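This report refers to the structure that appears directly beneath it.
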Amino acid sequence: MFVTSFLISLIMSKTNNFVFKSLLIVAWIIFVGLCIEAGGLIVNFLFNMFKPEFVPNLYQGLDLTQVYEDSKRAFFSIYSFILIISILKAYLFYIVVRLMHKMDLSNPFNDFVARQISQLSYYTLSIGFLSYLGRHSVKNLMHPGFDLGSLNHFWADSQAFILMGAVIYIIAVIFKKGVAIQTENELTV
Amino acid sequence: MAIIVNLDVMMATRKMSLNELSEKVDITLSNLSILKTGKAKAVRFSTLEAICCALDCQPGDILEFKPEV
């Protein structure tokens, strides 16, 4: 929900440059953090393929040894879900940072911004649905007695992402209408 | 578009350049150029009135309807 209010304030703050710049810095910090997480998970994934002894010591103390011993296929399925979600989150914030850098606050209604906001909605919805799918797949694949708590960090907020994606989609549709109205206005003599 | 703007024809008839017309009607050259080249999506009545005053003509002299086939 923080990300929802963050994006809404990004669009609404047309004249407050200080807030805009602060949000840009926060976006960069989050983006770098997500890149580090995604990078760590990618490195772990590659290590696990060639050196299985590293399975107990995954990124952020994640231990999927039990799953690995039960079924390698299940282990790699779960890990793929986690990896794809983290990469999508990093790319989502890359789009946010790129949008904030290229957006002109004095003239925001253009095709580029409309496209970026649409992309934000698609990626946010994708993250939400993948997180939801991942969480429910894990419940079915899991060895009875396995503690799912350690995986919650990666997909606990699936519903929030779906809600945010829906809200951003509505904003994208309204923004596209705004761009159409602006274009028509510019061509009205 | 089915609406044709014959502004250049009227300007030639009245021997007026785009710059002169722009000063008389108080519309920027770029907007007049948009109108002249047929790229305009809409024209305000106030603009049409100003152009007709400046060129001493009727709206029908500037605007023509040719249905698209």
Side-chain angles (χ1 to χ4, degrees), chain A residues 7-17 19-21 24 95-96 98-125 165-189, chain B:
Chain A
L7 284 167
I8 289 170
S9 59
L10 156 68
I11 292 160
M12 302 292 264
S13 61
K14 291 181 183 181
T15 56
N16 197 337
N17 275 328
V19 174
F20 188 78
K21 282 180 182 158
L24 180 60
I95 296 173
V96 171
R98 188 172 64 178
L99 174 62
M100 291 182 82
H101 269 289
K102 290 193 178 176
M103 190 165 79
D104 177 12
L105 286 176
S106 59
N107 186 22
F109 288 98
N110 54 62
D111 280 332
F112 173 77
V113 175
R115 264 199 320 272
Q116 296 305 301
I117 295 174
S118 295
Q119 276 194 355
L120 279 175
S121 70
Y122 300 147
Y123 281 107
T124 311
L125 280 168
V167 169
I168 297 173
Y169 180 75
I170 292 166
I171 291 170
V173 168
I174 294 169
F175 206 90
K176 275 183 189 166
K177 185 70 184 166
V179 171
I181 292 170
Q182 166 108 349
T183 309
E184 203 172 302
N185 193 41
E186 280 169 0
L187 293 174
T188 297
V189 178
Chain B
M1 196 182 260
I3 301 290
I4 312 288
V5 179
N6 296 319
L7 188 64
D8 45 355
V9 173
M10 277 316 300
M11 280 165 56
T13 308
R14 300 286 183 256
K15 293 184 179 56
M16 197 181 290
S17 68
L18 205 60
N19 278 325
E20 286 174 45
L21 184 62
S22 164
E23 280 167 26
K24 279 193 175 180
V25 300
D26 197 24
I27 293 170
T28 59
L29 265 176
S30 58
N31 276 349
L32 269 182
S33 179
I34 287 169
L35 186 61
K36 192 173 151 233
T37 53
K39 287 178 186 166
K41 292 280 181 202
V43 181
R44 295 188 185 92
F45 281 138
S46 55
T47 305
L48 194 56
E49 183 189 338
I51 291 172
C52 289
C53 276
L55 294 174
D56 188 27
C57 64
Q58 291 292 314
D61 298 328
I62 300 171
L63 302 172
E64 185 189 339
F65 172 68
K66 263 189 189 165
E68 285 166 353
V69 179

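Since the structure is predicted, the reported quantities are computational estimates derived from the model, not experimental observations. So you know, we letter chains A, B, ... as the sequences are listed, proteins then strands, and number each from 1.
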Crowding at CG, B/D26 (>12 non-hydrogen neighbours, <6.0 Å):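 Not more than 12 within 6.0 Å, no.
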
Counting heavy atoms not belonging to A/E186, are there more than 12 under 6.0 Å from its CD?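 Yes, the 6.0 Å shell around CD holds more than 12 heavy atoms from other groups.
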
With rounding to the nearest 0.5 Å, note down the distance linking NZ in B/K41 to OG1 in A/T183.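 With rounding to 0.5 Å, NZ (B/K41) is 9.0 Å from OG1 (A/T183).
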
With side chain to side chain contact (heavy atoms under 4.5 Å, CB included) as the criterion, how do B/R44 and A/V189 come out once you've worked through the C-alpha distance, each side chain's angles and the decisive distance to 0.1 Å? CA-CA 6 Å; B/R44 295 188 185 92; A/V189 178; 5.8 Å; no

How about B/I34 and A/L187: do any of their side-chain heavy atoms sit closer than 4.5 Å?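 They are in side-chain contact.
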
